[in-house]
Amino acid sequence: MTSYTPTVTPGRDGFPALIRAEWTKFRTVRGWLIALAVAALIVVLVGLVSAAGSHRSCVGPHGRACPASVPGPTGPGGEPVSDSFYFAHQNLVGDGSVTVRVASLAVVKPDSPQPGDDTTHIEPWAKAGLIIKQNTRQGSAYAAIMLTGSHGVRMQYDFTHDRAGSSTARWLRLVRSGDTLTGYESADGTQWTKVGSTHLNGLPKSVPAGMFVTSPQHETVSQSVGSFSTSGFGTTAAASFDNVSRTGSWGQPGWHGSAVGDGPEMIQGPDGHGLTQSGGTFTMAGSGDIAPATGGDNTVEGALTGTFAGLIVLIVLGSMFVSTEYRRGLIRTTLAASPHRGRVLAAKALVLGGVTFVVGLVGSALAFLIVNKIRRSNGVPVQQVATGTEVRVVVGTAVVLALSAVFALAAGAVFRRGAGAVVTAIVLLVLPYILAIASLLPVGPAQWLLRITPAAGFAIQQSLQQYAQVSAWYAPPNGYFPLPPWGGLVVLAAWTAVALGLAVVLIRRRDA
């Protein structure tokens, strides 16, 4: 007897077909599509409500806007900066150098100190030294070699760059060779050591160069449950320079003293009369700072305050995408049609992650553009950041929403019930962020929560940077995360991968 051989090749349980089946399930449930739309709408609407309630108006002399109502200066890279100091300068034409010894750097007096503040110490980042600047406009490119209050000699340039020298040198030298500026230090004025060098593109032939002094504001931070506050006062540092020497061609005889920056804290000199000279010693005082601006006020990510409300909707949606099948018994049909159970969960994760990313991207982009435009039209100065940072904030928010939805999906597969999955996701994703941002925990525990829980992923929204050369309160309530943006996103992705792995193991071992 001849056996029958079928001519039709058996079909395979193809993964693309499985993805198509899961997408068909998703798009045919009207409630899930509505939840997606609601999540995106909430992200936009919450931001609009916040922006509509933010107004700032101020009219100065002759109808001009007050300085507080307009954005501050920006550096060569477009970052917000502080650029206020007292400057004794001449024009250096072409190549040359200037050398000085910083004879003294001391506090002059604090302006309006608060009770209990130490009014006699010099600020750790008070600065006195040599600077070559593109021009005297705030935010213009520069390079400086300086002695600081308690951080030794530093070579700093273009606000964000800082290189450490020794802690004992007092002699400083700044050399220009074309567009290259190099800083040196010496303990005795004879043996010189290079501290750092930089290349400033487009440096004009004639540039202001000379001695400077400045001192940043002193700030004290106090935190209580549910709130934090800062208090501070302006400080002024005085510096004396001697053994001043120059090489190269200089435009005009004598040193011209002027204040760069128009802040109210700027004073013109230790006696109110500007630069003073006695023999070969130059004395002057100044306040302010030459550094990146820090602080969490009016950041660009403030337009995305509705992310958490939209996130909760997506967490519920993610858990229902799998728990509904368990509750109604449809999971048996799904697993019977595709015996590879891990692939079923992977297909669900890809479909859910894809649609939530697209919807999250649309909602985040609309909120970012519309809300920040309203804030600026209401007179609220939104901090300027690079375009790449803006793209990272918007796209990263969409990635966080997608990963969070997939995390909730994995929790739904583990618990088989929506309530348990939703509570777990909210406790791990939302609660740590609220505890940290709302100052409900001390800074130390709050930062640890934002390092080890899935809530670390929200670091991707941070537009502010931390700088070693700027003393500030780098804490979650002030807009700073303990992990870098991409590092925080990796933590969230790792949690999501582990949750999916656990769900795959359980779905293979348990009965449907």
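Here the structure is a predicted model, which is why all the values come from computation and not from measurement.
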Completion exercise
Closest heavy-atom pair, G139 versus D83, reported as atoms and distance to 0.1 Å, is N-OD2, 2.8 Å
Handout entry: G288 to T214 - nearest heavy-atom pair and separation
Key = C-OG1, 3.0 Å
Problem - Donor-acceptor pair between H161 and T198 side chains, under 3.5 angstrom - result: no
Problem - Contact summary for V46 and A309, nearest pair of heavy atoms - result: CG2-CB, 4.5 Å
Problem - Between T397 and S364: side-chain donor-acceptor atoms closer than 3.5 Å - result: no
Handout entry: With V393, the side chain to side chain contact (heavy atoms under 4.5 Å, CB included) member among L304, I460, V385
Key = L304
Handout entry: Main-chain N/O of S140 paired with K133 side-chain donor or acceptor, under 3.5 Å
Key = yes
Practice task
Take F458 and Y433, measure what ring pair (Phe, Tyr, Trp, His ring centres under 6.0 Å) needs, and give me the verdict at the end.
Solution key: CA-CA 8 Å; F458 291 100; Y433 184 88; 5.4 Å; yes
Handout entry: T235 vs Q217 side-chain heavy atoms within contact, under 4.5 Å
Key = no
Exercise for the section: Could you go through the side-chain contact (heavy atoms from CB on, under 4.5 Å) check for V153 and I145 one step at a time? Expected result: CA-CA 7 Å; V153 174; I145 183 79; 3.8 Å; yes
Exercise for the section: Using modelled atom types only, decide if a donor and an acceptor are shared between the side chain of W495 and the backbone of L428 within a distance under 3.5 Å. Expected result: no
Handout entry: Min side-chain heavy-atom separation R173-T182 under 4.5 Å
Key = no
Exercise for the section: Indicate the atoms forming the closest heavy-atom contact of A456 with L450, along with that distance. Expected result: CB-O, 3.0 Å
Practice task
Before giving the answer on side-chain contact (heavy atoms from CB on, under 4.5 Å), spell out for R154 and R163 the whole-Å C-alpha distance, their side-chain angles and the decisive distance to 0.1 Å.
Solution key: CA-CA 6 Å; R154 317 292 287 206; R163 295 182 182 178; over 6 Å; no
Exercise for the section: Compute whether any side-chain donor of one residue and acceptor of the other, for S245 and N243, lie under 3.5 angstrom apart. Expected result: no
Practice task
Please determine, by modelled atom types, if S166 and E185 share a side-chain donor-acceptor pair under 3.5 angstrom.
Solution key: yes
Problem - Short side-chain to backbone donor-acceptor contact, S50 and G47, under 3.5 Å - result: no
Exercise for the section: May I ask you to test the L48-I374 pair for a side-chain heavy-atom distance under 4.5 Å? Expected result: yes
Problem - S240 and S104 side chains, donor-acceptor separation under 3.5 Å - result: yes
Handout entry: Donor-acceptor pair, side chain of Y157 and main chain of A141, under 3.5 angstrom
Key = no
Problem - Criterion side-chain contact (heavy atoms from CB on, under 4.5 Å) on V498 and F407, from CA distance to verdict - result: CA-CA 9 Å; V498 170; F407 181 84; over 6 Å; no
Handout entry: Student check: side-chain heavy atoms of I290 and F212 closer than 4.5 Å
Key = yes
Handout entry: Q90-R246 side chain donor-acceptor pair, cut-off 3.5 Å
Key = yes
Problem - Salt-bridge present (D289, K127; N to O < 4.0 Å) - result: yes
Handout entry: Candidate pair F85 and V213, rule side-chain contact (heavy atoms from CB on, under 4.5 Å), full reasoning
Key = CA-CA 6 Å; F85 57 98; V213 61; over 6 Å; no
Exercise for the section: Verify, without hydrogens or angle tests, whether Q277 (side chain) and G279 (backbone) share a donor-acceptor contact under 3.5 angstrom. Expected result: yes
Exercise for the section: Answer yes or no: is there a donor N or O on one side and an acceptor on the other, between the side chain of T356 and the main chain of A405, under 3.5 Å? Expected result: no
Exercise for the section: Report yes if the side chains of P292 and Q469 come closer than 4.5 Å at any heavy-atom pair, otherwise no. Expected result: yes
Exercise for the section: Indicate yes or no: at least one non-hydrogen side-chain atom of R451 is less than 4.5 angstrom from one of V491. Expected result: no
Handout entry: Straight-line distance of L492 CG to L483 CG, nearest 0.5 Å
Key = 12.0 Å
Fill in the blank from the handout: For S287 and T236 the tightest heavy-atom approach is CB-OG1, 3.9 Å
Problem - Distance-only polar pair, side chains of T247 and S97, donor-acceptor under 3.5 Å - result: yes
Practice task
List in chain and number order the residues that pass side chain to side chain contact (heavy atoms under 4.5 Å, CB included) with R376, two or more places apart in sequence or in another chain; answer none if no residue qualifies.
Solution key: N372, V382
Fill in the blank from the handout: Of all heavy-atom pairs linking R375 and T299, the shortest is NH1-O, 3.0 Å
Handout entry: Side-chain donor-acceptor pair present, W255, H89, cut-off under 3.5 Å
Key = no
Exercise for the section: Report yes or no: does R392 contribute a side-chain atom to a donor-acceptor pair with the main-chain N or O of Q462 at less than 3.5 Å? Expected result: yes
Completion exercise
Applying ring-ring contact (aromatic ring centres under 6.0 Å, His included) to H199 and not counting sequence neighbours gives none
Exercise for the section: Decide yes or no for W250 and V93: does some side-chain heavy atom of the first lie under 4.5 Å from some side-chain heavy atom of the second? Expected result: no
Practice task
Indicate yes or no: at least one non-hydrogen side-chain atom of S84 is less than 4.5 angstrom from one of Q138.
Solution key: yes
Handout entry: Charged N-O contact under 4.0 Å between R170 and D242
Key = no
Practice task
Start with the C-alpha gap between Q191 and S186, add the side-chain angles, then the distance that decides, and say whether side-chain hydrogen bond (donor to acceptor under 3.5 Å, both in side chains) holds.
Solution key: CA-CA 6 Å; Q191 301 294 326; S186 173; over 6 Å; no
Exercise for the section: Show the numbers, then the answer: is there a ring pair (Phe, Tyr, Trp, His ring centres under 6.0 Å) between F159 and Y142? Expected result: CA-CA 8 Å; F159 301 95; Y142 76 95; 4.9 Å; yes
